[in-house]
Colleague: 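Sharing a structure here in structure tokens format.
Just so you know, these numbers use all the heavy atoms, side chains as well, and skip hydrogens, waters and symmetry mates. Sequence lines set the chain letters: A, B, ... in the order given, protein chains first and strands last, and positions in each chain run from 1.
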There are 2 protein chains.
Amino acid sequence: MSANSRFAVSVHILAYLAYEHARAVPSAEIASSVDTNPVVIRRLLSALVKNQLVEAYKGAAGGFRLARPANAISLLDIYRAVEPAPSHGMNRFTPNHRCPVGAKIEEVLLGVFSKAQAGMEAELLRVRLSDVERQLHAVCPGRRT
Amino acid sequence: MSANSRFAVSVHILAYLAYEHARAVPSAEIASSVDTNPVVIRRLLSALVKNQLVEAYKGAAGGFRLARPANAISLLDIYRAVEPAPSHGMNRFTPNHRCPVGAKIEEVLLGVFSKAQAGMEAELLRVRLSDVERQLHAVCPGRRT
DNA sequence: GACATATGTAACCATCGATGTTACTATCCG
DNA sequence: CGGATAGTAACATCGATGGTTACATATGTC
């Protein structure tokens with residue numbers, strides 16, 4: 001995946017909004033739960049709003065709400081909303097094209113990364129925000145009801 | 001995956017060694033193909049040697065060779081040899097445990113990341129170094145032989 | 001044995017990306 | 001009006017990564 005925490009924090013944000021689905025939640029409250037600065041939260045929410053996963057309300061008594069039910073949001077939706085296109089290190093990778101290996105390796109690696117990425121995204125698609133919410137509610141010790 | 005180029009460069013290195021399988025190749029020659037410093041190459045080769053994918057020969061006429069045939073090395077072997085354990089951003093993610101969401105979200109996210117990682121690694125396991133080598137030899141334009 | 005050629009690795013530096021922070025504007029509710 | 005909130009630009013900080021130099025160690029060739 002990537003080395004940043006955008007996806008992790010974003011899932012946290014949306015899980016919080018699912019948990020507090022009855023009202024508009026201000027960024028400062030979410031920031032308290034994530035333990036970071038409200039601006040960091042608003043930056044991520046900006047991307048989530050643009051991708052229509054969340055609705056924003058300005059002004060007093062404003063805040064954020066889920067734009068859809070939690071079972072209609074997959075973790076892949078979240079991932080694609082907040083993660084930049086993965087470079088897989090190919091940006092800093094500029095091999096010597098005069099070498100027979102260096103000339104073609106980039107193309108081959110792009111194919112490999114594409115498959116690996118697809119494998120990962122397929123798993124994210126299977127998990128919905130409602131699954132995350134259910135796990136948050138579950139009682140920890142023991143599994144027998 | 002990760003933002004660094006270790007995996008991409010390492011696949012290049014091993015593809016080069018597969019291409020020049022008949023002799024021991026010095027790090028400076030590989031560095032020329034990758035277009036970087038020989039020390040960078042040796043650092044990665046150090047990890048590859050430790051994981052028994054490559055054999056190193058010191059001294060004059062020394063260099064590096066594949067330790068096994070190219071069809072006995074998967075890209076997952078390479079990935080695990082040179083990539084540090086993926087953090088998925090969880091290192092910088094320290095939510096407020098006094099919040100019901102913050103208290104459990106880490107555990108839930110670890111499960112999600114574990115599945116996503118497994119999906120990606122399953123694809124890397126399917127590709128062998130010999131597949132990469134074959135694609136390097138393939139003629140570019142057109143697919144009809 | 002001397003020497004040239006390699007690896008192995010530590011140490012340091014420059015650069016870049018991600019995150020945190022401040023500050024300000026625009027907007028909305030009461 | 002006035003308080004609360006989103007939206008966003010600008011800047012600072014920090015860590016990871018990659019590049020570079022330096023040097024010790026090992027080895028084949030003469």
Colleague: Is A:Asn4 touching bases, backbone alone, or none of the nucleic acid, heavy atoms closer than 4.0 Å?
Modeller: sugar-phosphate

Colleague: Would you kindly give the NZ-to-P distance between B:Lys58 and D:dC23, to the nearest whole Å?
Modeller: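 B:Lys58 atom NZ is separated from D:dC23 atom P by 18 Å.
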
Colleague: Between NE2 of A:His137 and OH of A:Tyr19, what distance do you get to the nearest 0.5 Å?
Modeller: 6.0 Å

Colleague: At what angle, to 10 degrees, do the two end axes of the helix from C:dG1-D:dC30 to C:dG30-D:dC1 meet, given five pairs define each axis?
Modeller: 20°

Colleague: Starting at CD of B:Glu55 and ending at P of C:dT7, how long is that distance when rounded to a whole Å?
Modeller: 14 Å

Colleague: Let's see if you can work this out: which of C:dC28, D:dG7, C:dT7 has an atom nearest to the side-chain heavy atoms of A:Ala60?
Modeller: C:dC28

Colleague: Centroid separation under 6.0 Å, is that true for the rings of B:Phe93 and B:His88?
Modeller: no

Colleague: Atom CZ of B:Arg23 and atom C1' of D:dG28: how far apart are they, to the nearest Å?
Modeller: 17 Å

Colleague: Taking OH from A:Tyr57 and P from C:dC29, how many angstroms apart are they, rounded to a whole number?
Modeller: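 Those two atoms, OH and P, are 11 Å apart.
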
Colleague: Can you tell me the distance, in whole Å, between the CZ atom of A:Phe64 and the C1' atom of D:dT5?
Modeller: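 From A:Phe64 CZ to D:dT5 C1': 9 Å.
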
Colleague: Separation of A:Asn37 atom CG from D:dT8 atom C1', in whole Å?
Modeller: 13 Å

Colleague: Taking only Lys NZ, Arg NE, NH1 and NH2, and the carboxylate oxygens of Asp or Glu, determine whether A:Arg23 and A:Glu29 approach each other closer than 4.0 Å.
Modeller: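 Here A:Arg23 pairs with A:Glu29 in a salt bridge, since their nearest N and O are under 4.0 Å apart.
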
Colleague: Same hydrophobic cluster for A:Val39 and A:Val82, using side-chain heavy-atom links shorter than 4.5 Å among ILVMFWY?
Modeller: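 Result: no, two separate clusters.
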
Colleague: If you only use heavy atoms from C-beta on, which nucleotide in D:dG28, D:dA6, D:dG18 is closest to the side chain of B:Ala61?
Modeller: D:dG28

Colleague: Could you tell me whether B:Gly89 contacts a base, only the sugar-phosphate backbone, or nothing, with contacts defined as non-hydrogen atoms closer than 4.0 Å?
Modeller: nothing

Colleague: A:Ala67 and A:Glu55: which non-hydrogen atoms are nearest, and at how many Å?
Modeller: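 Reported closest heavy-atom pair: CB-CG, 3.9 Å.
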
Colleague: Flag yes if B:Met90 and A:Phe7 sit in one hydrophobic cluster, no otherwise; membership is Ile, Leu, Val, Met, Phe, Trp, Tyr, and two members link when side-chain heavy atoms are under 4.5 Å apart.
Modeller: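 Yes, B:Met90 connects to A:Phe7 through the hydrophobic network.
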
Colleague: Want to settle it: does B:Arg92 or B:Pro26 sit nearer the 5' end of DNA chain C, counting the closest nucleotide to each?
Modeller: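 The residue closer to the strand's 5' end, by nearest nucleotide, is B:Pro26.
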
Colleague: Among the nucleotides C:dT9, D:dT27, C:dT21, which one has an atom lying closest to any side-chain atom of A:Val39?
Modeller: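 Among C:dT9, D:dT27, C:dT21, the one nearest the side chain of A:Val39 is C:dT21.
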
Colleague: To the nearest Å, give me how far apart CG (A:Leu48) and P (D:dG7) are.
Modeller: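 So the two atoms are 11 Å apart, to the nearest Å.
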
Colleague: Under the criterion side-chain hydrogen bond (donor to acceptor under 3.5 Å, both in side chains), I'd like the reasoning laid out for A:Ser74 against A:Arg128: C-alpha separation, chi angles, the key distance, then a yes or no.
Modeller: CA-CA 4 Å; A:Ser74 74; A:Arg128 289 170 298 176; over 6 Å; no

Colleague: Below the 4.0 Å mark, does C:dT19 have OP1 or OP2 next to a side-chain nitrogen or oxygen of A:Ser5?
Modeller: yes

Colleague: When all nucleic acid strands are considered with a 4.0 Å heavy-atom cut-off, which category describes A:Arg43: base, sugar-phosphate, or nothing?
Modeller: base

Colleague: Rounded to the nearest Å, what distance is computed from the CZ atom of residue A:Arg42 to the P atom of nucleotide C:dT25?
Modeller: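 So the two atoms are 15 Å apart, to the nearest Å.
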
Colleague: Quick one: which of C:dT7, C:dG20, D:dT8 gets closest to the side chain of A:Ser46?
Modeller: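 So the side chain of A:Ser46 is nearest to D:dT8.
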
